[in-house]
Amino acid sequence: MGRRARDGAEGRMRSFALEGVEEDLDEPARVLPGPGGQVTASARGEVPDDGAHLAPTGRGPASGEAPGRARPGRRPSRRGRVLLGAAVAAVLVLAVGGLVVGERDEAARIERVLASPGGVRSLGADVAVVWRIDPVEGGNAPDLGRWSQPVLVDGVLVVPGDPVTGYDPVTGERLWRVAESSAPSESVPRTGDQTRCSGSGPRRDRGPVVCTTSDFRPVTIFGETSEEAHLRGVEVIDPATGDVVTSRAVDGKTTAATVAFTDGLATFAWGAEGQVVVTLEDLATGEVRWTRELVPDPEEGARYLQGWPDGDGLRVEAAGLSVTLDAHGRSVGRREAGSWDSTLPDGGRVSMGGDGTWTVFAPDGRESFSVEGNVVPFDVTDGSVDAPLFVSDGGDVMDAAGTIARPVFSAIDRRTGRTLWTVERPLDRAVAQVGDVGVLSGGGRLWGADLATGERVWEAEGALAYGQSFTDGTDLYLVGQSGTGATRVTSISVDSGQELWATDVPELSTWAFSARGRLVLVTDEGGLLGLG
């Protein structure tokens, strides 16, 4: 048998020539009856390696052998054993390598799902409360809504209150609590205060944590009496340790504050002559970088003032004023009345103008494209970057001739705005994208669509009442209220639309969110429940 060997820098590779094989593989084989059924042998009656000898049909036992007794099989040759061993080793290498690659790909997929908003670990019909955080005494009232809800910053669940506390969202373990002595302006009574916390960066999920404490005062807005927040104090907190980086009191004229340009704190206040005063401070030191005064158009009886990050700018909204400022405080454009922004699951955003035109921005803040119609992004994705956006039109507006256009919606490429496909059907909500299936909702019903073609792959029977959706990358979890005052979690197969199970958690929740793969409920009393 010939053999070649080649030594490389990282190992040795050998190839074996298969000369001189004793069996004639081209000779027809015949099937011989045996004790266990049928056995394939060569025409010459040779016995396969490690097999028993079978007498050819029509012949008696070989000379010198007892009838009915099999002759020992031929011992495999050394060359055969080497070839067999090499083949087995090659198969094992391929199998093990495939398993390793498969496990690595699956781990990456799960990590991608858990890193996306709405991504959770797999749940079963036995889903239950695995940890509980009771409402903070003297903290936020539960009816203040999502503005004061917990936030996830650098993997830490930050719960606003007095004091601010950080928890491990997987175990519910308390990691740190801000010392009460660090709270600013303690001499002022804190009754009715509200503390809001936010991370920094474009997606507000990185440190440091910025917590603002405000009280509420009566104000007239559009002829009606309401309440206006007045900022009283700011704390900048390290999410890893709970240490306060800086803490300072704020005068009562400031109505709002937000993290801007990653490392700045923007505050908004009314000036003595009705002008809007915007100030940008350094997050860590409180040093003032710039102050800008903006004059709104006069508007009788209305008074409100807000500000928030707008891509790579700072949006300022007040009665008779809508403007975006850059990092140096310069105006970069005025927004039309009635415009608003919404964040996309991938960190980008869509902005609706007053004329009904939607502008889509990439996660880095760059403008991608503009479309007309109603943009409907997915509530939840499995982290795939190619998840499309939807634009719906028709079905609700009557033209001058009294005609209502048939409802249609189109899937568009998230990056280019190119239309992928169009379907004549109403679309109320894009519930979830999991792999190549989109779970959509229209007219109270869920259905699954092939995202490549728009083809309907399943449609659920009846209507499902739910508030929020989550996914583990395979199944869909719908969270809503049951008819008995509990929270119902329903699992739906993304592939078939079949309801897999439904379980009620006794406590009633007002909101749910995912934190490092843990599904967390906010109860109507202001507590937190971790499900698993």
Side-chain angles (χ1 to χ4, degrees), residues 115 117 147-148 150-160 164 166 175-176 178 182-185 195-214 229 231-251 254-269 276-294 305-317 323-333 341 343-344 346-349 351 361-367:
W147 294 109
S148 59
V151 293
L152 192 70
V153 181
D154 286 346
V156 176
L157 186 61
V158 179
V159 180
V164 178
L175 302 177
W176 47 259
V178 174
S182 68
S185 70
T195 300
R196 299 177 181 176
C197 296
S198 170
S200 306
R203 297 183 61 172
R204 299 295 185 264
D205 58 354
R206 294 289 179 262
V209 180
V210 180
C211 295
T212 59
T213 301
S214 306
L231 198 64
R232 296 177 49 253
V234 176
E235 290 177 310
V236 181
I237 304 168
D238 183 339
T241 63
D243 294 336
V244 177
V245 178
T246 182
S247 176
R248 55 189 179 275
V250 180
D251 64 69
T254 302
T255 64
T258 187
V259 179
F261 314 112
T262 304
D263 59 350
L265 180 71
T267 59
F268 310 88
V276 172
V277 181
V278 183
T279 304
L280 185 70
E281 305 174 0
D282 185 276
L283 262 184
T285 65
E287 178 184 357
V288 176
R289 294 182 182 174
W290 50 258
T291 298
R292 174 76 189 277
E293 292 190 358
L294 305 170
L305 175 57
Q306 293 179 324
W308 59 88
D310 184 12
D312 55 358
L314 177 65
R315 177 87 167 268
V316 184
E317 288 285 342
V323 67
T324 301
L325 305 178
D326 65 11
H328 303 286
R330 298 177 298 222
S331 299
V332 294
D341 292 0
T343 303
L344 297 173
D346 65 359
R349 62 188 175 91
S351 178
F361 294 86
D364 61 5
R366 291 183 299 178
E367 181 177 332

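What you see below is based on every heavy atom in this structure, not just the backbone, and it leaves out hydrogens, waters and symmetry mates.
When all heavy atoms of A256 and L231 are compared, the pair lying nearest together is O-CD2, 4.4 Å. Nearest heavy atoms, W290 versus V278: CZ3-O, 3.9 Å. Nearest heavy-atom pair, L314 versus A260, reported as atom, atom and distance to 0.1 Å: CD1-CB, 4.0 Å. For the residue pair V209 and V153, the shortest heavy atom distance occurs at CG2-CG1, 3.8 Å. Residues I237 and W176 share a closest heavy-atom pair of CG2-CH2, 4.0 Å. Closest non-hydrogen pair, S351 versus F361, comes out as CB-CE1, 3.9 Å.
Using a 4.5 Å heavy-atom cutoff, the side chains of T246 and T285 are not in contact. At a threshold of 4.5 Å between non-hydrogen side-chain atoms, the residues R204 and V151 do not count as touching.
Not a single donor-acceptor pair under 3.5 Å links the side chain of R289 to the backbone N or O of G329. Formation of a donor-acceptor pair under 3.5 Å by the T255 side chain with backbone atoms of F268 is found in this model. Side-chain atoms of S200 come within 3.5 Å of backbone atoms of P208 as a donor-acceptor pair (strictly under, hydrogens ignored).
Under the salt bridge (Lys or Arg N to Asp or Glu O under 4.0 Å) criterion, D243 pairs with no residue, sequence neighbours left out.
When each of V234, V244, T195 is checked for a side chain to side chain contact (heavy atoms under 4.5 Å, CB included) with C211, only T195 meets the rule.
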Apply side-chain contact (heavy atoms from CB on, under 4.5 Å) to D205 and L152, showing your working.
CA-CA 6 Å; D205 58 354; L152 192 70; over 6 Å; no

Would you sort out whether D154 and R206 count as a side-chain contact (heavy atoms from CB on, under 4.5 Å), showing the intermediate values?
CA-CA 5 Å; D154 286 346; R206 294 289 179 262; 3.1 Å; yes

Side chain to side chain donor-acceptor pair (under 3.5 Å) assessment of R292 paired with S331
CA-CA 10 Å; R292 174 76 189 277; S331 299; 3.1 Å; yes

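With values rounded to the nearest 0.5 angstrom, R196 atom CZ is found 11.0 Å from T213 atom OG1. Here CG of L265 is found 8.0 Å from OG1 of T258. Values are rounded to the nearest 0.5 Å. The CZ atom of R232 sits 15.0 Å away from the CZ atom of R248 when rounded to the nearest 0.5 Å. The structure places CD of E287 at 10.5 Å from CG of L280, a figure rounded to the nearest 0.5 Å.
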